[in-house]
Visitor: 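Have a look at this one before I ask anything.
All ligand and atom numbering here is 1-based and tracks the order in the structure.
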Amino acid sequence: MVKPALSILIADDDDGDRKQIRRALKQAGFDVVVTEASDGAEAIAACEGEEFDCAFVDYLMPGQTGLDSVARLHALRPHMPIVMVTGEGDEMIASEAIKRGAVDYVAKRMMTGESIARIVAGALERASLMRKVAQAREELESFARVLVHDLRAPLRTIKSFAGLVDESIKAGDIDTIQEDWSRVVGAAERMDHLIQSLHLYTQADAEAATERVAMTDVAEDTRSNLDFVIRERGAQLRADPLPVVAGDRALLTQLLQNLIANGIKYCEAPTPEVHVGADRAESLWRLTVTDNGIGIPEEHRKVIFLPFKRLHAKGEFAGTGLGLATCRRIVERHGGEIWCDAADPGGSAFRFTLPAWTDT
Ligand code: ADP
């Protein structure tokens, strides 16, 4: 079987050695587009313009040593797998190369189609894993940054209004205390809400149960959980007969609750109307939560599922920005997808898929 085309860099000053690597790649069955460099500087110049799927770097090259080249190429392209090509019995060099960023090494004499196939496959797998780890780390860093910011905001409010209350007490000016104190309590409540949302968000990532869940029961649980908000806003919540799915009841209740609560919250009509419906999409059920709210511009319909992404200021609509991110995690835990469309004649339609329950 011919494998997909790979872009390969071969950095070696010896024409014969470069040919040998090409031949081994061909024997391994790879369809390759090869770029050749005859010294470290040329290899670096090539990598400035392109990230290769894999680079073979000879240990002995004119100008700088292969080890320096490995370090510089790794700094330039941290996710590009680099394989050090060494002479016979150069284990020390090989281990040094790995310390500087190479993923593997191969002795020239050992270069066969078989060994190259193994090395390249391993290098590609590692590179893809490293990319995933780097992406997860970036996501975690940005998550932590926003979290710290959002947790500090109510704390700052608490600190400054508590200071004002303190001053008023000292000055015996009790008239202003009540208002300042209510700001302290409000900020503490926001912080509590954020911590609770955060807890639900992290829970959504835990292993989900796969049990028989009647979504009609879930909708009823949701209705009673949201009873206060529904009454307060005079909202109408209608649900069609809903299907039986395979999933985790507690998480699915959380999911439906977040979507329905948002449908009621992000609505300026005198009577918020939220409808839950379902239709079959092959082995999945697709559920839709439609509202008559303010709607979401098309360009924002993807980003709203990112943690802490909010389209409104806190003063306009209260929230933490974790609700839809939690929904996405829950749906993905169940192997489904979630997205948002515009509703007709106005408002939003949140759709998600869940696996149908099958009695076996
Ligand atoms: P929160 O409601 O806590 O801000 P969410 O993650 O639930 O966080 O929602 C993210 C953003 O998406 C909200 O701030 C809001 O701007 C928008 N949004 C969510 N649901 C709706 C909806 N049903 N109608 C309009 N806008 C919505």
Visitor: Strictly under 4.0 angstrom, heavy-atom based: which residues surround ligand 1?
Guide: Asn262, Gly263, Lys265, Tyr266, Asp291, Ile294, Gly295, Ile296, Ile304, Lys309, Arg310, Leu311, His312, Gly319, Thr320, Gly321, Leu322, Gly323, Leu324, Ser348, Phe350
Visitor: Looking at side-chain heavy atoms only, is the closest gap between Arg183 and Glu179 below 4.5 Å?
Guide: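 The answer is yes; the side chains approach within 4.5 Å.
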Visitor: Mind checking who shares a hydrophobic cluster with Phe317, ILVMFWY linked at side-chain heavy-atom distances under 4.5 Å?
Guide: Tyr266, Ile294
Visitor: How about Asp291 and Ile264: do any of their side-chain heavy atoms sit closer than 4.5 Å?
Guide: no
Visitor: Could you note down all residue pairs passing salt bridge (charged side-chain N to carboxylate O under 4.0 Å, His left out) where residues 236-253 supplies at least one of them, sequence neighbours left out?
Guide: Asp221-Arg249
Visitor: Side chains of Arg286 and Thr353: is there a donor and an acceptor less than 3.5 Å apart?
Guide: no
Visitor: Show me the side-chain donor-acceptor pairs of residues 125-140 shorter than 3.5 Å, one per line, residues at least two apart or across chains.
Guide:
from, atom 1, to, atom 2, distance (Å)
Arg131, NH2, Glu51, OE2, 2.9
Gln135, NE2, Glu139, OE2, 3.4

